Amino acid sequence: MEDNKEFLGITEFRAKIKNMGMIFVTFALIANFLPAVYVSMQTGLFPSGTDLFKLWLAAAAAFGVGYFVQPISFFPMVNMAGSFMVWICGNVGELRVPAAAMAQKVTNCEQGSPKAEIMSTIGIAASVIVSVTLITVFAIAGSQLMPLMPKAVLKGFSFILPAVLGAVYADLCGKNFALGVIILVSSVLGTVFFPKVGIPSGLVMLVNILVAVGIARVYYLKTKKA
């Protein structure tokens with residue numbers, strides 16, 4: 001009976017989040033264009049359709065793969081509510097996913113459960129509040145502090161993202177060590193092998209993720225039968 005109530009509660013939560021998320025994401029998309037529209041109106045300079053299409057192609061070439069890769073790879077962790085927040089606020093892999101993972105870990109949630117979904121949402125929301133506050137502070141003070149830091153410290157900033165993602169991987173790998181090692185090996189081999197068979201470098205990550213999903217599914221079916 002309690003499981004049914006919990007399921008009905010998460011279903012109602014998702015329905016409300018879906019409606020609110022669509023509204024706020026639409027507003028965010030419109031707001032992204034407002035500065036450019038304002039500048040064009042003030043200067044009287046309006047790019048042609050051809051120029052806009054060229055810019056779109058350049059952006060698609062640089063970031064188009066991420067349009068498919070990130071939702072597939074991050075959705076299981078951030079869930080529906082988190083997805084709406086992370087695509088508006090950004091810093092998905094660097095901040096939002098680690099925050100969701102840690103929120104689930106400290107509350108001892110079972111991955112994929114309604115509790116895990118709620119806790120990841122709370123973790124992401126908290127990370128947004130903290131990061132916006134810190135970004136505001138460092139945007140004001142950072143220009144004064146950064147030149148004072150040693151070069152070794154500044155160089156170390158480039159390792160933050162792989163360190164964070166590595167920590168998240170290690171934490172999740174601990175839940176199923178064998179599967180984690182198999183996917184790690186397949187990803188390394190894929191990174192080396194796929195370009196040699198003609199797969200564009202920009203699609204290697206997407207193919208690795210799809211292969212990893214397939215491996216995880218086969219592994220689950222095999223172990224479930226056993």
Side-chain angles (χ1 to χ4, degrees), residues 12-100 103 117-118 120-147 149 154 157-158 160-162 164-165 168 200-207 209-210:
E12 182 180 355
F13 170 76
R14 289 170 180 166
K16 291 181 179 180
I17 286 298
K18 181 179 180 181
N19 294 331
M20 294 177 62
M22 293 294 291
I23 293 172
F24 283 104
V25 168
T26 301
F27 284 155
L29 288 173
I30 295 173
N32 281 332
F33 291 96
L34 292 181
V37 172
Y38 174 78
V39 172
S40 292
M41 293 178 64
Q42 291 297 314
T43 60
L45 301 175
F46 296 90
S48 64
T50 302
D51 292 334
L52 290 176
F53 182 69
K54 289 180 180 178
L55 291 171
W56 179 85
L57 284 178
F63 307 108
V65 174
Y67 183 85
F68 299 98
V69 170
Q70 293 191 6
I72 294 173
S73 57
F74 293 142
F75 182 81
M77 183 61 66
V78 300
N79 297 295
M80 181 186 293
S83 293
F84 286 121
M85 287 190 287
V86 300
W87 304 132
I88 292 176
C89 301
N91 293 316
V92 188
E94 303 94 324
L95 293 176
R96 314 308 171 202
V97 171
E117 182 172 343
I118 296 298
S120 70
T121 302
I122 295 174
I124 292 170
S127 76
V128 171
I129 296 173
V130 173
S131 63
V132 169
T133 303
L134 291 177
I135 288 172
T136 301
V137 171
F138 281 101
I140 297 173
S143 59
Q144 304 296 324
L145 296 176
M146 293 296 285
M149 292 185 178
L154 297 177
F157 288 153
S158 60
I160 291 177
L161 179 56
V164 171
L165 293 181
V168 173
S201 58
L203 295 177
V204 169
M205 182 182 295
L206 176 60
V207 177
I209 291 173
L210 294 177

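A quick note: this is a predicted structure, and the numbers were derived from the prediction, not measured. The figures here come from the full heavy-atom set of this structure, side chains too, leaving out hydrogens, waters and symmetry mates.
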- Item | Nearest non-hydrogen partners of Thr121 and Gly82, listed with the distance | OG1-N, 4.3 Å

- Query: How far does CE of Met80 sit from CD of Glu117, to the nearest 0.5 angstrom?
  - Reply: 7.5 Å

- Task: Enter the distance from Ile124:CD1 to Leu95:CG here, rounded to the nearest 0.5 Å.
- Result: 11.0 Å

- If you measure from CG on Asn79 to CZ on Phe13, what distance do you get to the nearest 0.5 Å? 9.0 Å

- Are any side-chain N or O atoms of Arg96 and backbone N or O atoms of Ser127, one a donor and one an acceptor, separated by less than 3.5 Å? yes

N/O donor to acceptor pairs below 3.5 angstrom from side-chain atoms of residues 20-42, sequence neighbours left out:
unit_1: Thr26; atom_1: OG1; unit_2: Met22; atom_2: O; d: 2.6
unit_1: Asn32; atom_1: ND2; unit_2: Ala28; atom_2: O; d: 3.4
unit_1: Ser40; atom_1: OG; unit_2: Ala36; atom_2: O; d: 3.1
unit_1: Ser40; atom_1: OG; unit_2: Leu45; atom_2: O; d: 3.1

- Message: Minimum heavy-atom separation for Val78 and Ser83, please, with both atom names.
- Response: CG2-OG, 3.5 Å

- Message: Tell me if the CE atom of Met85 is crowded by more than 12 foreign heavy atoms within 6.0 Å.
- Response: yes

